[in-house]
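Working notes, beginning with the structure itself.
Lettering of chains follows the sequences in order, A, B, ..., and the numbering in each one begins at 1.
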Amino acid sequence: MDERYDFRKVEERWQRYWEEQKTFKVTEDASKPKYYCLEMFPYPSGRIHMGHVRNYAIGDVISRYKRMNGFNVLHPMGWDSFGLPAENAAIKHGIHPSKWTLENIAFMRDKQLKRMGLSYDWDREVTTCLEDYYRWNQWFFIKMYERGLAYKKLSYVNWCPSCGTVLANEQVEGGLCWRCGSVVTHKELEQWFFKITAYAEELLSYCDKLTGWPERVLTMQRNWIGKSIGVEVDFIVEGTGEKLTIFTTRQDTLYGVTFMSIAPEHPMLESLIKGKKQADEVRAFCQRVMREDKASRTDEKQEKEGVFTGSYAINPLNNEKVPVWVGNFVLMEYGTGAIMSVPAHDQRDFEFAKKYGLPIRVVIQNPGKGVVAETMQHAYVEDGVMANSGRFDGLSNTVSKEKIADYVEQSKLGKRTVNWRLRDWGISRQRYWGTPIPIIYCEKCGAVPVPESQLPVKLPMDVEFTGKGLSPLVESKSFRETTCPQCGGTARRETDTMDTFVDSSWYFLRYCSSKYDKAPFDKKAAAYWMGVDQYIGGIEHAVLHLLYARFFTKVIRDLGLFDGDEPFENLLTQGMVIKDGAKMSKSKGNVVDPDFILSNYGADTARLFSLFAAPPERDLDWSDQGVDGAYRFLHRVWAIVYKLSGDIKDRNPAGPQFRGDKLYRKTHLTIKKVTEDIEREFHFNTAIAALMEMVNEMYDYTSSGFSPNRQGPVLRSAIDALTLLISPFAPHFAEELWAALGGKGTIAHAAWPQYDPDAIVATEITIVVQVNGKVRSKLTVPAGTSGKDIEAAALADSKVKEFMNGKPPKKVIVVQGKLVNVVV
RNA sequence: GCCGCUGUGGCGGAAUUGGCAGACGCAAGGGACUUAAAAUCCCUCGACGGGCAACUGUCGUACCGGUUCAAUUCCGGUCAGCGGCACCA
């Protein structure tokens with residue numbers, strides 16, 4: 001053992017050892033309990049950032065802790081390596097996306113992640129942009145196509161003009177592209193979709209079963225899925241007799257309908273305006289609204305506008321004739337694209353009616369106050385009593401909701417129905433660097449899936465990246481032109497690629513058997529390792545990746561490949577790394593480069609600091625001085641072990657005979673505390689604080705009157721325990737101490753220490769004495785002193801007497817082993 | 001607007017079942033060592049007041065109120081910050 005802690009030497013040595021010994025390689029072993037610990041895999045952008053450091057440090061502590069507790073731990077790493085930045089780099093620097101990506105991966109793996117001392121089984125590395133991975137995306141696509149879960153349709157889709165591609169709904173945040181922040185527009189295109197809506201009900205109901213997930217993620221998913229229960233009602237258009245179907249969750253207000261509104265895109269629009277004098281005005285209005293981008297169209301501040309179509313429809317409940325309007329606020333994507341408008345009981349309808357002078361009819365009365373149509377200032381949206389509603393008058397509106405739904409169904413005027421906010425997942429991307437969609441278009445046979453035997457459909461490498469015109473795949477004649485697998489005639493390939501979120505939707509299954517080539521994964525291996533016991537990543541994927549992965553898992557289950565319903569048992573969403581009050585970002589200029597910390601302080605310090613500064617789920621405030629503190633702590637541990645190494649080397653372990661010794665007790669209290677803090681919500685910050693306290697105690701213990709003969713074994717056992725306890729946090733450091741102390745092999749497979757319950761029992765305890773709830777004195781009594789004796793001692797205490805001021809105690813509360821409160 | 005989270009020293013944070021508020025670390029101040037500095041080690045460190053001093057009193061966990069012998073913790077209300085959703089019919 002060197003006199004000074006030289007992290008470069010130590011970290012290099014142990015990284016080499018782990019690599020050579022394949023310390024973290026795992027295989028299925030039925031004799032041991034398994035534990036699958038997974039961190040969200042990175043996009044190989046070229047460099048890791050502090051968010052990665054934090055994410056992987058958290059996962060590594062958990063993995064190492066579980067490993068030392070006897071679990072067979074699967075802890076893999078890979079690369080989410082398809083995506084736009086590679087293609088943009090190709091356009092900008094003239095380097096092929098594949099080369100750019102693979103070079104980034106090599107750098108990040110060998111020069112960055114491996115320097116962090118993470119206990120990955122690198123033999124299981126998964127790289128999604130390689131054929132042996134993406135061919136299975138294509139395989140899944142075909143299986144889903146066969147089952148009607150992948151389909152093509154013409155629809156209005158989100159279009160990011162800057163990325164030059166379509167986006168899924170989940171990838172539009174507040175009307176802006178999730179990746180580049182450009183304003184998203186609407187385009188009518190024929191695109192491939194995955195039918196995630198087929199699983200809407202299950203995705204929603206299983207939220208209740210995901211007890212290991214943070215509530216806020218589940219709330220976001222529930223919100224996103226957005227189930228609403230209501231009825232569809234057919235209104236008959238006067239003149240044509242066509243059915244105009246509306247969806248409502250407020251069927252109790254059906255008698256209050258005074259007009260209807262449809263979306264500008266509504267298919268019945270032309271038939272409604274045919275021959276009407278308003279036709280031109282309506283068309284102009286619709287074209288204007290449809291030209292607007294999604295962001296401004298769905299902006300709350302957007303003025304609610306509409307025009308009358310000239311047509312009327314009949315309310316089937318009261319046979320009343322109501323005008324049909326077109327409204328800019330009615331969405332074709334939700335419900336039926338047509339709504340009934342009840343100004344008296346819907347604020348938006350109320351404002352619309354006031355603006356255009358449409359009638360207001362109250363059908364739910366406030367029992368106390370009374371609601372008057374002529375004088376009301378805003379819609380009455382609370383519950384009340386039915387009025388102006390024929391035979392439902394006088395009932396409460398909540399009861400009528402069911403009764404009216406029954407009536408609508410019995411009279412065949414419509415039906416109960418459920419509407420979802422969730423839309424099918426649009427996966428077509430008009431870009432090169434992704435998985436080719438395995439479809440061939442034949443003039444005779446139409447869309448034909450590529451036969452399994454012809455997979456993978458490989459990305460052509462000889463393409464040019466100009467950044468202009470269409471995607472390189474469209475421009476590539478050799479890729480585009482092919483023959484039909486069914487009839488052999490001339491055909492063309494689909495030139496769109498898949499959304500990269502497809503790649504990350506099942507990679508956790510691939511890790512179970514990453515080299516398997518007969519199927520996406522080996523069913524037996526997945527049965528052993530799945531589900532993921534602990535998943536760790538950022539909150540930003542709450543409704544993107546985490547929803548898609550759940551969907552994919554259910555599809556894979558229904559394909560008969562996997563036996564579980566959900567992929568991730570427990571989810572930890574770590575907070576952001578911030579500095580100077582803001583998230584680290586290049587534009588803010590507050591980025592700390594992990595390489596700098598790794599080079600100047602070492603991986604163990606970087607890990608220790610990022611775990612100590614805050615609990616994992618909270619934001620972490622980066623502090624350069626805090627890093628110094630973590631660094632100092634390691635030096636401090638090293639120094640005391642080095643100084644005392646002569647005294648502690650070959651001591652027998654301390655045993656029960658040392659009960660009552662200060663450091664012996666502290667050692668066992670620390671084992672207990674660190675273990676519990678890890679088990680209880682991964683509170684690594686307090687676990688590390690406990691280790692620091694123990695080290696402080698060791699300094700105190702050895703500072704004066706230390707007797708190596710008498711106290712050596714206690715110190716030895718303290719240092720042994722400390723080394724084991726610190727090893728998940730600072731693994732290289734711990735290995736070095738472990739070896740210096742004569743430990744065999746790697747500490748990574750040593751057993752986690754157990755505390756001696758008798759060792760932590762105190763012989764004397766301090767009792768807090770309060771008078772009227774305020775601390776006035778303290779008593780030191782032998783452990784096990786009875787409540788009565790404590791009470792007597794408290795009342796006899798001079799300070800207590802002083803504050804009692806001669807008055808008799810009204811009540812005395814004794815909390816065993818803790819506190820006495822004298823009330824006067 | 002709706003939903004969720006958070007609010008504790010100069011700073012990051014701790015307090016596990018309602019029982020000593022501020023563990024641990026950072027910063028700051030003082031001391032030891034040193035020719036000097038760095039490093040290291042030791043001490044002090046919520047605010048205000050009293051005492052030469054050891055010590056000691058009052059207040060204090062965003063704000064107001066409640067329950068309780070006792071509240072950072074439970075309940076009601078208010079404010080602020082962060083995040084998500086939001087013409088969803």
Side-chain angles (χ1 to χ4, degrees), chain A residues 4 173-174 214-224 226-228 230 246-251 253 260-261 263 297-304 327-331 333-342 346-349 351-352 419-421 539-540 542-543 575-576 608-609 612-615 617-630 632-633 635-636 639 673 676-677 680-681 683 685-696 699-700 703 766-778 809-815 817-824:
Chain A
R4 278 187 59 79
E173 296 173 345
E215 198 48 44
R216 66 174 173 152
V217 174
L218 295 174
T219 305
M220 283 161 82
Q221 293 215 349
R222 287 191 188 104
N223 243 330
W224 188 262
K227 181 180 187 176
S228 55
I246 58 99
F247 171 73
T248 181
T249 56
R250 289 300 306 273
Q251 62 272 20
T253 64
M260 299 176 76
S261 305
R297 199 171 152 188
T298 58
D299 188 344
E300 192 190 3
K301 290 185 265 312
Q302 173 88 356
E303 180 88 2
K304 286 161 194 58
N328 66 343
F329 57 93
V330 185
L331 307 172
E333 311 91 270
Y334 189 78
T336 60
I339 59 171
M340 64 181 209
S341 294
V342 187
D346 179 286
Q347 185 59 25
R348 191 188 45 204
D349 293 346
E351 285 164 23
F352 197 87
N419 251 295
W420 303 91
R421 196 183 163 283
I539 185 79
E540 66 271 18
V543 283
M576 290 184 301
L608 204 61
F609 171 72
F612 177 62
E617 67 280 2
R618 263 211 252 178
D619 284 351
L620 181 146
D621 205 344
W622 188 268
S623 142
D624 294 331
Q625 288 95 339
V627 177
D628 285 324
R632 261 201 294 274
F633 171 63
H635 276 276
R636 202 167 140 82
K673 168 87 177 144
E676 286 174 356
D677 282 351
R680 181 176 61 91
E681 323 241 343
H683 282 182
N685 56 330
T686 50
I688 293 168
L691 293 173
M692 289 171 168
E693 277 189 62
M694 181 174 160
V695 172
N696 291 344
Y699 268 77
D700 191 42
S703 62
T766 303
I767 304 285
V768 174
V769 185
Q770 297 180 332
V771 178
N772 287 336
K774 292 192 175 173
V775 180
R776 296 303 182 186
S777 184
K778 283 173 191 184
K810 201 154 73 183
K811 195 170 171 186
V812 180
I813 290 127
V814 179
V815 182
K818 269 188 185 164
L819 166 143
V820 183
N821 190 7
V822 182
V823 186
V824 295

Out of [options], which has the shortest distance to the side chain of [X]?
X	options	answer
A:Phe612	B:rC88, B:rG13, B:rG25	B:rG25
A:Ile813	B:rA89, B:rC69, B:rA21	B:rC69
A:Lys778	B:rC20, B:rG19, B:rA14	B:rC20
A:Pro615	B:rG13, B:rA89, B:rC24	B:rG13
A:Arg618	B:rA14, B:rA15, B:rC24	B:rA14
A:Arg636	B:rC41, B:rC69, B:rA15	B:rC41
A:Ser228	B:rC41, B:rA89, B:rG13	B:rA89
A:Asn223	B:rC85, B:rA89, B:rA21	B:rC85
A:Gln625	B:rA27, B:rC20, B:rC69	B:rA27
A:Lys811	B:rG19, B:rG13, B:rC69	B:rC69

Could you check whether A:Glu215 pairs with A:Arg222 (Lys NZ or Arg NE/NH1/NH2 to Asp/Glu carboxylate O, under 4.0 Å)? yes
Output yes when at least one side-chain N/O atom of [X] is less than 4.0 Å from OP1 or OP2 of [N], else no.
X	N	value
A:Lys818	B:rA70	no
A:Arg348	B:rC88	yes
A:Arg776	B:rU56	no
A:Asn821	B:rU68	no
A:Asn685	B:rA14	yes

Would a line drawn from the ring center of A:Phe633 to the ring center of A:Phe612 be shorter than 6.0 Å?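 No, the ring centres sit 6.0 Å or more apart.
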For this output row, return yes or no: ring centroids of A:Phe609 and A:Trp622 closer than 6.0 angstrom. yes
Nearest heavy atom decides the nucleotide; on that basis, is A:Ala689 or A:Ala613 closer to the 5' end of RNA chain B?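 Looking at RNA chain B, the more 5' nearest nucleotide goes with A:Ala613.
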RNA chain B: A:Tyr334 or A:Arg216, which has the more 5' nearest nucleotide?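 Final value for this comparison: A:Arg216.
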How should the glycosidic conformation of B:rG50 be described, syn or anti, under the criterion that syn lies within 90° of 0? anti
Which part of the nucleic acid, if any, lies within contact of [X], taking any heavy atom under 4.0 Å across all strands shown: a base, the sugar-phosphate backbone alone, or nothing?
X	result
A:Glu215	nothing
A:Asp628	nothing
A:Lys673	base
A:Val768	base
A:Val812	nothing
A:Asn419	nothing
A:Gly629	sugar-phosphate

Using whole Å, what does the distance between atom [atom2] of nucleotide [N] and atom [atom1] of [X] come to?
X	N	atom1	atom2	value
A:Gln347	B:rG1	CD	P	13 Å
A:Arg680	B:rU17	CZ	P	8 Å
A:His635	B:rG25	NE2	P	16 Å
A:Glu617	B:rC5	CD	C1'	11 Å
A:Arg632	B:rC26	CZ	P	5 Å
A:Trp420	B:rA89	CH2	P	13 Å

[X] [atom1] to [Y] [atom2] distance, which is reported to the nearest 0.5 Å:
X	Y	atom1	atom2	result
A:Leu691	A:Thr686	CG	OG1	10.0 Å
A:Asp346	A:Met340	CG	CE	9.0 Å
A:Lys673	A:Arg680	NZ	CZ	6.0 Å

How far does the C1' atom of B:rG83 sit from the matching atom of B:rC74, given to the nearest Å?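 Comparing C1' positions in B:rG83 and B:rC74 gives a spacing of 26 Å.
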Kindly confirm or rule out a cation-pi arrangement of A:Arg636 over A:Tyr699, judged by NZ or CZ under 6.0 Å from the six-membered ring centre and within 45° of its axis? yes
So which atom in A:Pro615 and which in A:His683 form the shortest heavy-atom distance, rounded to 0.1 Å? CB-CD2, 4.3 Å
Quick one: the dot-bracket string of RNA chain B, using Watson-Crick and G-U wobble pairs with both distances under 3.5 Å, [ ] for crossing pairs and | for bases paired to another strand. (((((((..(((......[....))).(((((.......))))).(((((....)))))..(((((..]....))))))))))))....
Donor-acceptor pair (no angle test) under 3.5 Å: A:Lys774 side chain, B:rU58 base: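 By the distance-only test, no, there is no pair.
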Do you see a donor-acceptor pair shorter than 3.5 Å between the side chains of A:Ser228 and A:Asn419?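 There is no such pair between these side chains.
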Can you tell me if A:Glu681 has over 12 outside heavy atoms packed within less than 6.0 Å of its CD?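 At most 12 heavy atoms, drawn from other residues, nucleotides or ligands, come within 6.0 Å of this atom.
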